[in-house]
Every structure is written in structure tokens, then in C-alpha cells.
Amino acid sequence: MKGKKVPVSFFTRPDVAIIAKELLGKCLATNFDGNLTVLRIVESEAYNGAIDKASHAFNNRKTNRTKVMYEKGGTAYVYLCYGLHQMFNIVTNIENIPHAILIRGGEPVSGISIMALRANKKVSDTSIGRGPGNVCKALGIHTGHSGISVNSEEIFIYDDDVKIKNKDIGISPRIGVDYSGDDALLPYRFYIKGNAHVSGKWRK
DNA sequence: TCGGCGATTAGCT
DNA sequence: GCTAATCGCCGAG
């Protein structure tokens with residue numbers, strides 16, 4: 001791996017949408033059992049805590065599952081959806097403010113053959129890392145990793161100085177959150193335009 | 001304690 | 001385009 005780890009202070013800043021946008025182009029790496037796998041983040045979504053109906057922590061809802069979102073920025077929040085897909089989020093802001101960023105898509109950078117094996121796909125398959133469930137499958141992340149730091153030995157983010165130009169960044173409403181009324185329209189999804197590893201699928 | 005449902009995906013048609 | 005798969009979470013009772 002080349003480049004430097006993103007410090008925890010990157011995630012403890014107050015504006016979750018800016019952090020989500022700045023994550024584009026950075027690398028998300030996992031290192032389980034000596035198997036290093038890396039995806040470059042190409043799609044992300046911001047969840048704005050207590051005032052965001054689409055967030056699990058809306059209205060400061062705090063349960064056994066969501067309590068991880070109240071940790072300080074830089075903590076991983078992983079949960080199971082539809083009984084079979086795991087979603088990987090990064091908690092942001094300071095302690096007790098439950099902001100989070102969902103990683104929705106990534107381009108394979110390193111450990112590609114391992115990721116293909118985990119996903120039961122070919123190395124050339126661009127659907128590895130496209131969609132939040134696939135990101136977790138490729139990187140080997142599961143709900144047991146919820147609560148650990150994203151600046152740890154097992155999971156970390158690093159910056160290898162790949163710069164994404166503003167004109168190459170697309171912004172849109174979030175996917176799959178129709179149930180959240182007006183908040184479903186918020187422009188909290190960020191992606192790299194034209195990248196093959198961005199999930200383009202819209203619900204309904 | 002119980003029952004409905006979800007920040008989705010893959011595989012058909 | 002449509003839908004089954006599949007199970008932990010959470011609010012109601």
C-alpha cells in the first residue's frame with residue numbers, strides 16, 4: 001500500500017456531507033488473516049443523524065444496534081439488511097452525534113483475486129464492489145466488525161493522492177430511502193461520474 | 001413475547 | 001422489469 005492513513009480527525013469534523021464527498025477517491029482497505037484487500041471509494045451517502053428520517057438514529061433513537069453511531073467519528077458501523085446483506089458505514093462527528101456515511105461502491109485496487117473469490121465472481125467482473133452489500137462481501141466485512149476503528153490494523157482508510165475533480169463528482173438523492181418523506185430528497189449521495197463501479201440502480 | 005419489515009441483490013422472464 | 005431469498009431489529013402489546 002502506498003499513501004498515508006486518513007487520521008481520525010478527518011472524521012470528527014461537523015459536516016457529514018463534506019466528509020462523504022471528500023471520501024471519493026480515497027481507499028478503503030481491510031486486512032483480515034493477512035489478506036489485504038483494497039477498494040477505491042467511488043460512491044457514498046451521508047446520513048445526518050437525529051434530524052434525518054432516513055437515518056437509523058433519527059430522533060436520537062438509540063438501541064443495541066445503533067449505539068455504535070453515537071461513538072466518535074472514525075468508528076465502523078456495520079449492520080444486516082434484508083436478512084442477508086451487510087452494510088458498511090463510517091461514523092462521523094464527535095461522540096453522541098450519530099452521523100454516518102454509507103459506502104455504496106468501490107473500485108478494486110489491490111487483493112482483487114481474494115475479493116473475487118469471496119464474492120464468487122471473476123476477477124474481471126465490475127460488479128465486485130458495486131453496491132453496498134457487494135462492498136462488504138468483497139472486503140470480507142461483517143456485522144462482527146461493527147464498533148471497531150477505521151484507523152485500525154484490520155480496517156483503515158488511506159489517501160494515495162488521487163484527486164477527483166469537482167466536475168467529475170455527481171450529487172443526487174439517496175437510494176432506497178423512499179420511506180423517509182421529505183428527507184428522501186436530500187442531495188446526500190456522492191459518486192464519481194461515469195465510473196463503472198457506481199451502482200446506478202434506482203428503487204422504484 | 002410476537003410479527004412486520006428493511007440504507008439489497010441476483011436471477012429469471 | 002419483477003420477485004424471492006432470509007433474519008435480526010424494534011415497536012406494540
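Chain letters run A, B, ... following the sequence lines, proteins first and then strands; every chain starts at 1.
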* Asked: Given the rule in the side-chain contact (heavy atoms from CB on, under 4.5 Å) test, do A:L139 and A:V135 qualify, once you have shown the distances and angles that lead to the verdict?
  -> CA-CA 6 Å; A:L139 291 175; A:V135 167; 4.0 Å; yes
* **side-chain hydrogen bond (donor to acceptor under 3.5 Å, both in side chains) assessment of A:N195 paired with A:E107** => CA-CA 9 Å; A:N195 188 290; A:E107 176 181 339; 3.1 Å; yes
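Distances were taken from every side-chain heavy atom of A:L84 (C-beta onward) to each of C:dA5, B:dA7, C:dC7; the shortest belongs to C:dA5. Closest to the side chain of A:T66, out of B:dA10, C:dC10, B:dA7, is C:dC10.
Residue A:K62 is classed as having no contact, given no heavy-atom separation below 4.0 Å to the nucleic acid.
Look at A:R61 and you won't find any side-chain N or O under 4.0 angstrom from OP1 or OP2 of C:dC9. For C:dC10, the OP1/OP2 oxygens have a side-chain nitrogen or oxygen of A:T63 closer than 4.0 Å. For A:R65 and C:dC10, the shortest distance from a side-chain N or O to OP1 or OP2 is below 4.0 Å. For the pair A:H56 and B:dA7, the criterion of a side-chain N or O lying under 4.0 Å from OP1 or OP2 is met.
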* Structure fact -> Given Watson-Crick and G-U pairs under 3.5 Å, DNA chain B in dot-bracket ([ ] crossing, | other strand) is ||||||.|||||.
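Distance, A:E43 CD to B:dA7 C1': 12 Å, rounded to whole Å.
Taking the C1' atoms as reference points, C:dT3 lies 16 Å from B:dC5, given to the whole Å.
Residues from residues 132-145 of chain A lying near DNA chain B, meaning a heavy-atom separation below 4.0 Å, are A:P132, A:G133, A:N134 in numerical order. Contacts between residues 179-187 of chain A and DNA chain C, defined by a heavy-atom separation below 4.0 Å, involve no residue at all.
Counting heavy atoms from C-beta outward, A:L39 and A:P108 have side chains that approach closer than 4.5 Å. Contact check for A:T126 versus A:H197: side-chain heavy atoms found under the 4.5 Å cut-off. Counting heavy atoms from C-beta outward, A:V16 and A:Y47 have side chains that stay 4.5 Å or more apart. Residues A:L23 and A:I90 have side chains in contact (heavy-atom distance under 4.5 Å, counting atoms from C-beta outward).
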